[in-house]
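Quick note on labels: first sequence line is chain A, next is B, and so on, each numbered from 1. On a predicted model such as this, the values are computed, not experimentally measured, just so you know.
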2 protein chains.
Amino acid sequence: MNTKKSQGGKSRCPICQLGIFTELGRPIEDALQNLDAESLNFMAGSTVYETASAATAIYVLMHGYVKLAKTTLIGKSQIIRIVRAGEIFGFDGLVAEYYNHSAAAVGEIDVCRIPVAGLQDLGEHKAEVERLIMVRCIKELQHADERLLELGAKRSPERLASFLVDWCNAASANGWVPLVLSRSEIAQFLGLTIETVSRLFASWKRDGILREQKQSIRVMDWQRLKLLAQSN
Amino acid sequence: MNTKKSQGGKSRCPICQLGIFTELGRPIEDALQNLDAESLNFMAGSTVYETASAATAIYVLMHGYVKLAKTTLIGKSQIIRIVRAGEIFGFDGLVAEYYNHSAAAVGEIDVCRIPVAGLQDLGEHKAEVERLIMVRCIKELQHADERLLELGAKRSPERLASFLVDWCNAASANGWVPLVLSRSEIAQFLGLTIETVSRLFASWKRDGILREQKQSIRVMDWQRLKLLAQSN
DNA sequence: CGCGAAGTTGAACATAGTCAATTTCCGTGG
DNA sequence: CCACGGAAATTGACTATGTTCAACTTCGCG
């Protein structure tokens, strides 16, 4: 068993504590408490759901990182999204019978699992929650569009550089930023090989653009990195 | 002026005739008639909206094909989606101030333009329409995920082969299928160059897998094409 | 300390891109 | 109906980017 419920059974899901639904106002927050949402904890590397497993819930990531991935028939896998705390994943649960991708924990995570069946019980508030989900979904779609541009129209240095720029920006901590992903995961995310990623890191470290220590990176020359992200 | 309204001003938009919203039932169909949706006709190659233009409407494609594209700062463009009749595009209108991609007609098209402001006036039906849009959006997201796998984890022959398989399947007409897109557009869609696409076509025609005449293709050997789509 | 996994590095190779020369296609006008 | 002109597509030769394979090093952990 690679998953454990943090406090067993239908524990009160702390959705609101993260502020995802707070914008909807208190009555809805209360209604959400009545869903049988569960707070779950997964240890590093464990699977939240597999491709083609029954899509019965959507998830809100409370803490940590989740990677969503798809695999070709010949076994090459592509990470389609890295989910951050506060984001929703598992949209498939709302329209499809099965998930079309897998979700796995990168490091230890806490998620809130919301059974889709429960959403039906929201009554008058259902519409507002669905609207919020719609908005989130559209944002995901925009993000996916951006990634299609990355994968379809950019070369390896541009892909890695803009990935690093995004990653460090999201981390907001300037200075050292924990790089949660392994070389292999970065490669799978960018549609490259481990070796290519490794060589680019090495080259940029040599050039003084980056430094790395203990799974963390620090950008020394933002200007050059951003330039690499845009052209050659 | 490269666009013209088919019958000037706020013409009755034939949304329902396409059956997109019919699943919602008659009262909602009627309510939709009261939006100031416009039926528009664009000639081949003209632009429905540009990247970064004000996102004030969503569109339903009534007839033809639309290509949605993004461009890198150095001018390489990537087609992120080919929209077919009956599909919604311009989801950005619902959440963002500006479109993050462009939309252009491939051949002549008819679209129904629904101002987002109008959706607010749907009153009690708003929720149901938004739910439908949410469902469509999630399906687009799944489709985008699939394309990320194509671009990130597959080689040129696999990309082109699976594109052709999809294209011909969607056209449902077995036998000759009109290939609406130019080599350049196919290349932009698959993240390849015109030359690579051209060479693959040539090679497959030589091998008797395909035939082509007058902008239409015919798959002669489905088994081999599907095999090409999956592995090497 | 030692083992296994992750990461690095080099050399050879292959895939796809670039550049350039033709050829084909198609609409326009004679 | 044919001829012309321009755009699209094809083809070849060369190049470059990134992959593959393999050896080796580093890191983390028991």
Tell me which nucleotide among [options] gets nearest to the side chain of [X].
X        : options                : value
A:Ser182 : C:dG7, C:dT18, D:dC21  : C:dG7
B:Ile194 : D:dT10, C:dT9, D:dT11  : D:dT10
A:Glu212 : D:dT11, C:dC26, C:dT8  : C:dT8
B:Arg183 : D:dT10, C:dC26, D:dT11 : D:dT10
B:Ser198 : D:dG18, D:dA9, C:dA16  : D:dA9

Which part of the nucleic acid does [X] contact within heavy-atom distance under 4.0 Å: base, sugar-phosphate only, or nothing?
X        : value
A:Thr196 : base
B:Lys214 : nothing
A:Lys205 : sugar-phosphate

| request: Report the residue from B:Arg218, B:Arg206, B:Arg183 that forms a salt bridge (Lys or Arg N to Asp or Glu O under 4.0 Å) with B:Glu212. | output: B:Arg183

When the distance from [atom1] of [X] to [atom2] of [N] is rounded to whole Å, what number comes out?
X        : N      : atom1 : atom2 : value
A:Leu151 : D:dG18 : CG    : P     : 13 Å
A:Lys154 : D:dG18 : NZ    : P     : 13 Å
A:Arg206 : C:dG10 : CZ    : C1'   : 12 Å
A:Gln213 : D:dC27 : CD    : C1'   : 14 Å
A:Leu160 : D:dT17 : CG    : P     : 16 Å

| message | Over 60° means perpendicular and under 30° means parallel, so tell me whether A:Tyr49 and A:Tyr99 are parallel, tilted or perpendicular. | response | parallel

Would you list the atom pairs, donor with acceptor, under 3.5 Å between side chains in residues 140-154 of chain B and any protein atom, with sequence neighbours excluded?
unit_1   : atom_1 : unit_2   : atom_2 : d
B:Glu140 : OE1    : B:Arg81  : NE     : 2.8
B:Glu140 : OE2    : B:Arg81  : NH2    : 3.1
B:Gln142 : NE2    : A:Asp92  : OD1    : 3.1
B:Gln142 : NE2    : A:Asp92  : OD2    : 3.4
B:Glu146 : OE1    : A:Lys70  : NZ     : 3.1
B:Arg147 : NH1    : B:Ile79  : O      : 3.4
B:Arg147 : NH1    : B:Ile80  : O      : 3.1
B:Arg147 : NH2    : B:Phe189 : O      : 2.4
B:Glu150 : OE1    : B:Ser162 : OG     : 2.7
B:Glu150 : OE2    : B:Lys154 : NZ     : 2.9
B:Glu150 : OE2    : B:Ser162 : OG     : 3.4

| Under 4.0 Å between a side-chain N/O of A:Thr193 and OP1 or OP2 of D:dT19, yes or no? | yes

| message | Can you see if the side chain of B:Ser156 gets near the phosphate of C:dA16 - specifically, an N or O under 4.0 Å from OP1 or OP2? | response | yes

| Mind checking whether B:Ser102 and B:Thr71 have side chains closer than 4.5 Å, heavy atoms only? | no

| query | Within a strict 4.5 Å, meaning less than it, do heavy atoms of the A:Ile82 and A:Val180 side chains meet? | reply | no

| Looking only at N and O atoms, is any donor in the side chain of A:Arg199 or the base of C:dG7 less than 3.5 Å from an acceptor on the other one? | no

| Pair of N/O donor and acceptor under 3.5 Å linking C:dC19 base with B:Glu195 side chain | yes

| Nearest nucleotide by nearest heavy atom, which residue falls closer to the 5' end of DNA chain D, A:Gln215 or A:Leu192? | A:Leu192

